[in-house]
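Take a look at the structure below.
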Amino acid sequence: MNSKLEMDTLVSLCKRRGFIFQSSEIYGGINGFWNYGPYGTAMKRAVEKLWWNEMVETRGNVEGLDSTVICNPKVWKASGHLDKFGDLMTDCKECKTRHRVDQMEDPSTCPNCGSKNLTEPREFNLMMKTYVGPVSDEDHVAYLRAETCQPIFTDFHSVRIATRQKMPFGIAQIGKAFRNEINPRNFIFRSREFSQMEMEFFCFDEEAMEWYNFWKDQRIKYYYDKLEFTEDELRIHDHDTLAHYAKAALDIEFKFPFGWGELEGVHHRGTWDMSRHQEYSGESMEYFDQENNRKVIPTVIETSVGVDRTMLAILCHAYDEDTAETKKEGKKADVRTVLRIPAIVAPVQAAVLPLSKKLSEKAENIFKDIRRRYRSEFDVTGSIGKRYRRQDEIGTPYCVTVDFDTMEDNTVTVRSRDAMTQERVSADQLIAYFDDKLLM
RNA sequence: GCGGGUGUAGCAUAGUGGUAAUGCACCAGCCUUCCAAGCUGGCAAGGAGGGUUCGAUUCCCUUCACCCGCUCCA
């Protein structure tokens, strides 16, 4: 990452090149909501595909789920969200601090400065509320899920029975979650509608710490190997103080331009969630351990990733500027903006560029072949140098250039985004050449 | 939610109480055979609402959004 990267620069690039837009922009936007444009969408889908491949498809012991955003409100009562999210808060008008009323010794005195000049206690409920059915009264209140993991817990037995999985095994889900964040901030880092990729691994309590460490290692390796993050960009933050449900927890953090921020949490949640759902639903959430002839409440190890935070981290990691020679009149050093996005998640993986419009037909034939396997683009507009720069700015790792030699010997040049070098490859060998570089 | 700042074409900037300018980008044409060429033409803007004024993008108020610092982050 370019160490001088300002968020403004990235936000502007994301808008200009169609990665990320403000939601409802023509109406002035809406706080905490962002849209992905064409390239952002392609990249987001690739990120989700990569995670799904990594966590589900290449493992025999993790199953997939796609649950609804709206659940029976009792789910959120059991999970603790409705109570925890209902905290009363008060602001001190003197020292501008905010406090939870239930944690104050004297609710009329500011614990920070001793002032009695406090605002009326207000409820801060972070769950988004809606109404199910045409009648909007309190009997029909429902909530948009604040995390994707709770429906995984409630569907534990359905998934287990359908797939004949035995513990230990996991259930994974990718989907939207919603929180009425008090203060959305830092572009897409903290927004009110966001996507999560979560995996809940159900295991026996005595093996749980082993699995916790296993998943911790797996997940850290993923960031280095698959997303190409570097050691100075990542750190592990072990939690000193644990949430009410957790027995061990860590954050995998990325060094954003605005500071360190959490990408993923790995949590040992104990039996808290499953016990609560058993208690609130009255249904047994126990697992019958045939080998030891016992019933146990499964212990849960969770890996929880923010998709949007991953997107932002990849973009920050990828953003770079270098200087290149230019033949543009009146300018000396040319600054090249380039996104060094890992090839497997790049929105466009290969661009096919005919050197001249006369070569369009041949180039289109090659394009038709490779677009079936990779995210590809075809561009004949402008000079070849300009087209390379366009592709650099959206992070396309390879450009295939069809030139006049192609018509003679059926070879093309493959130009690398990072090295800016060219390699001559037979058109017949392109698929083999790219499979090695672009597939997961 | 508090304090501070900002808001002009897709992006970056300029300027003005009286016709909103420039660069980049984009589109069309000419030209052009490997790293942002050139020429010609074109598209396109003062966040929203109210007030003051003959007239507001400019001054005032409200609101919305974004940025920075606090706060929050189960």
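Chain letters run A, B, ... following the sequence lines, proteins first and then strands; every chain starts at 1.
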Go ahead and write out RNA chain B as dot-bracket, 5' to 3': ( ) for pairs within the strand, [ ] for ones crossing earlier pairs, | when the partner sits on another strand, dots for unpaired; Watson-Crick or G-U wobble, both distances under 3.5 Å. (((((((..((((....[..)))).(((((.......)))))....(((((..]....))))))))))))....
Contacts to RNA chain B from residues 406-420 of chain A, heavy-atom cutoff under 4.0 Å, which residues?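 Of all residues in residues 406-420 of chain A, the ones placing a heavy atom under 4.0 Å from RNA chain B are A:T413, A:R415, A:M420.
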Close approaches to RNA chain B from residues 347-357 of chain A, in residue order (heavy atom, under 4.0 Å):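 Result for residues 347-357 of chain A: A:L355, sorted by number.
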Apply the salt bridge (Lys or Arg N to Asp or Glu O under 4.0 Å) test between A:D379 and each candidate in A:R390, A:K357, A:R389; give the one that qualifies.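 Exactly one candidate clears the test, A:R390.
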With sequence neighbours excluded, residues passing ring pair (Phe, Tyr, Trp, His ring centres under 6.0 Å) with A:F434: A:Y374, A:Y398
Does the cation-pi check pass for A:R17 over A:F19, that is, NZ or CZ under 6.0 Å from the six-membered ring centre and within 45° of its axis? no
Listed by chain and number, what are the side chain to side chain donor-acceptor pair (under 3.5 Å) partners of [X], not counting sequence neighbours?
{"X": "A:R373", "answer": "A:D435"}
{"X": "A:E253", "answer": "A:R235"}
{"X": "A:D409", "answer": "A:T411"}
{"X": "A:Y39", "answer": "A:E377"}

Would you tabulate the nitrogen or oxygen pairs shorter than 3.5 Å linking the protein to nucleotides 7-9 of chain B?
none

With a cut-off of 3.5 Å and sequence neighbours excluded, list every side-chain donor-acceptor pair involving residues 22-33 of chain A.
unit_1, atom_1, unit_2, atom_2, d
A:E25, OE2, A:K15, NZ, 2.7

Within the structure, does a side-chain N or O atom of A:N180 lie under 4.0 Å from either OP1 or OP2 of B:C72? no
Is A:K15 close enough to B:G10 that one of its side-chain N or O atoms is under 4.0 Å from OP1 or OP2 there? no
Pick base, sugar-phosphate or nothing for A:G32, based on heavy-atom distances below 4.0 Å to the nucleic acid. sugar-phosphate
Listed partners of A:D436 passing side chain to side chain contact (heavy atoms under 4.5 Å, CB included), at least two apart: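 Checked A:D436 against side chain to side chain contact (heavy atoms under 4.5 Å, CB included); zero matches.
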A:R192: partners by salt bridge (Lys or Arg N to Asp or Glu O under 4.0 Å), with sequence neighbours left out: none
